[in-house]
Amino acid sequence: MPELPEVEVVRRGLERWVSGRTVADVQVLHPRAVRRHLGGAEDFAARLRGRRTGTARRRGKYLWLPFDDDTAAESVLAHLGMSGQLLVQPAGAPDEKHLRIRVRFADDAGTELRFVDQRTFGGLSLHDAVPGDPEGLPDAIAHIARDPLDPAFDEAAFHTALRRRRTTIKRALLDQSLISGVGNIYADEALWRSRLHYDRPTATLTRPRSAELLGHVREVMTAALAVGGTSFDSLYVNVNGESGYFERSLDAYGRENEPCRRCGTAVRRRPWMNRSSYFCPRCQRPPRPATATPPASRPAVPPLSARAAS
DNA sequence: ATGATAACCTGGGGGC
DNA sequence: TGCCCCCAGGTTATCA
């Protein structure tokens, strides 16, 4: 659920409240929260103590906090998973039920950084930077593609890669090695805006069509970011524990049986890859079902049985 | 190699 | 009241 806009909201909070502070102490309260740190919890805590943080960065749904000392080329990598929160809390505030990691600082600001995560899909870890990378990109996420709000996002390469894939459009949007930062919510929203069905084969997209889709991905993420992201409940909050307001602006996601804001047709929910896809059956027509018959001998009009299947 | 799927995890909510 | 099952879903390991 935390997708690019929500993670960017958190990054800005870290930049304001955490960057430039020196770590005094780290408590790992749940080992799973540092499972991506190969050295283990003790090593994670020991290597953070005494370090001063630099500017928080983000790629897609990943955040990292470099250290501003020169032993740099190392940073704390964070992923929120489905329910992770990074909170800046008064040091005396009661522990959250799902508090996993606490970071205390060596200053008198009175606040500490907390990683809270109910479902424990998220976590923190320490990684070296990709050698020579100007932003200090952690090597653990070198396979993550640039996100659509990154000025260096290569639009031409995206179109080429999309056309080369032998898959369907929503799968491709969720593939973080192709384009990062898009999750189930913004994928459905961008597809609705583009009038594209989630099962449309990527190979059938013309370049103008995929350019339009990319434009809608950017638009919906920018709009969400402007109002602090999407929150359905208290699980998704900024570093001060506040929720965003984009939920009320969603056009497709979570709107099963509600009227499409374009044509009034009831929005449908379909099971899809162990989750759900929301779409308007009128605006987003399903692709023609695949046929085993070679194109040359396929009848001009598909049999009724094939069309009824959709 | 590529693409598709299961597993990881917890709590809220609905049905009975 | 309580029990069971389903649902939310990003990422990775594993399978075909």
Side-chain angles (χ1 to χ4, degrees), chain A residues 1-8 10-11 28-38 58-64 77-86 95-101 115-125 127 138-145 147-148 160-191 198-204 217 221 224 229-237 243 246-247 250 252-257 268-278 290:
Chain A
M1 305 287 257
E3 303 180 29
L4 187 154
E6 292 74 36
V7 177
E8 175 61 16
V10 172
R11 190 203 65 79
V28 177
L29 303 168
H30 195 305
R32 200 173 141 78
V34 291
R35 69 191 181 285
R36 294 190 72 174
H37 185 79
L38 300 183
R58 181 190 55 75
R59 174 176 286 195
K61 304 168 193 171
Y62 285 91
L63 286 168
W64 68 97
L77 179 66
H79 195 287
L80 301 179
M82 288 173 52
S83 55
Q85 305 173 339
L86 282 167
D95 287 2
E96 291 77 6
K97 182 176 180 185
H98 302 294
L99 177 62
R100 309 303 189 192
I101 298 172
F115 180 68
V116 176
D117 190 8
Q118 176 203 108
R119 294 173 211 174
T120 69
F121 279 164
L124 307 185
S125 48
H127 301 279
D139 55 15
I141 59 167
H143 65 292
I144 300 295
D147 62 66
T160 305
L162 199 63
R163 288 298 303 267
R164 240 170 46 86
R165 292 290 173 100
R166 288 298 173 263
T167 186
T168 49
I169 187 58
K170 186 168 170 182
R171 285 178 186 275
L173 284 178
L174 296 182
D175 184 340
Q176 305 296 301
S177 67
L178 184 62
I179 179 173
S180 70
V182 184
N184 203 39
I185 296 173
Y186 295 108
D188 279 2
E189 292 301 304
L191 289 169
Y198 56 90
D199 267 342
R200 170 71 93 78
T202 51
T204 70
V217 171
M221 285 183 165
T230 300
S231 301
F232 294 96
D233 52 48
S234 59
L235 282 184
Y236 313 108
V237 295
S243 295
F246 196 68
E247 192 270 340
L250 294 175
Y253 187 86
R255 297 195 67 240
E256 184 179 18
N257 295 330
R268 288 189 185 158
R269 179 176 75 89
R270 285 282 177 275
W272 185 85
M273 286 185 68
N274 284 327
R275 57 198 72 176
S276 295
S277 278
Y278 296 87

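The chains referred to below are lettered A, B, ... by the order of the sequence lines, with proteins before strands, and numbering in each begins at 1.
Checked by atom type, the side-chain pair A:Thr120/A:Arg32 shows a donor-acceptor distance below 3.5 Å. Between the side chains of A:Thr160 and A:Arg164, no donor-acceptor pair is found at a separation under 3.5 Å. There is a side-chain donor-acceptor pair under 3.5 Å between A:Ser277 and A:Lys170.
Contact between the side-chain N/O atoms of A:Arg171 and the OP1/OP2 oxygens of B:dT5 is found at a separation under 4.0 Å. Contact between the side-chain N/O atoms of A:Thr167 and the OP1/OP2 oxygens of B:dA4 is found at a separation under 4.0 Å. For the pair A:Arg32 and B:dC9, the criterion of a side-chain N or O lying under 4.0 Å from OP1 or OP2 is met. At the phosphate of C:dA8, OP1 or OP2 sits under 4.0 Å from a side-chain N or O atom of A:Ser276. OP1 or OP2 of B:dC9 has not a single side-chain nitrogen or oxygen of A:His98 nearer than 4.0 Å. Using a 4.0 Å cut-off, no side-chain N or O of A:Arg119 falls inside it from OP1 or OP2 of C:dG10.
In plain terms, the two heavy atoms of A:Ala140 and A:Leu77 that are nearest each other are CB-CD2, 4.2 Å. A pairwise comparison of heavy atoms in A:Ser180 and A:Ala145 identifies OG-O, 2.7 Å as the closest pair.
Contact annotation for A:His30: no contact, since no heavy-atom pair falls under 4.0 Å across all strands. Counting non-hydrogen atoms under 4.0 angstrom, A:Arg35 reaches nothing in the nucleic acid.
Atoms CZ (A:Arg165) and C1' (B:dA1) sit 12 Å apart, rounded to a whole Å. Distance CZ (A:Arg275) to P (C:dG10): 5 Å, rounded to an integer number of Å. For the pair A:Asp117 CG and C:dG10 P, the computed distance is 13 Å after rounding to whole Å. One atom, CH2 of A:Trp272, and another, P of B:dT5, lie 10 Å apart when rounded to the nearest Å. Following rounding to the nearest Å, A:Leu38 (CG) and C:dT12 (P) show an atom-to-atom distance of 12 Å. At whole-Å resolution of the value, CG in A:Asn184 and C1' in C:dC7 are 12 Å apart. Rounded to an integer number of Å, the gap from A:Leu80 CG to B:dT10 P is 18 Å. With rounding to whole Å, A:Glu96 atom CD is found 18 Å from B:dT10 atom P.
The side chain of A:Met273 has B:dT5 as its nearest neighbour among B:dG3, B:dT5, C:dT11. When distances run from any side-chain atom of A:Tyr62 to the nucleotides C:dG10, C:dT12, C:dA8, the shortest one goes to C:dT12. The side chain of A:Gln118 approaches B:dG11 more closely than any other nucleotide in the set B:dG11, C:dG10, B:dT5. Distances were taken from every side-chain heavy atom of A:Lys97 (C-beta onward) to each of B:dG11, C:dA8, C:dG10; the shortest belongs to B:dG11. Out of B:dC9, B:dT2, C:dG10, the shortest distance to the side chain of A:Thr120 is found at B:dC9.
Residue A:Asn274 is the one, among A:Arg100 and A:Asn274, whose nearest nucleotide of DNA chain B lies closer to the 5' end (criterion: closest heavy atom).
Note on A:Asp147 versus A:Arg58: salt bridge recorded, some NZ/NE/NH1/NH2 to OD/OE distance being below 4.0 Å.
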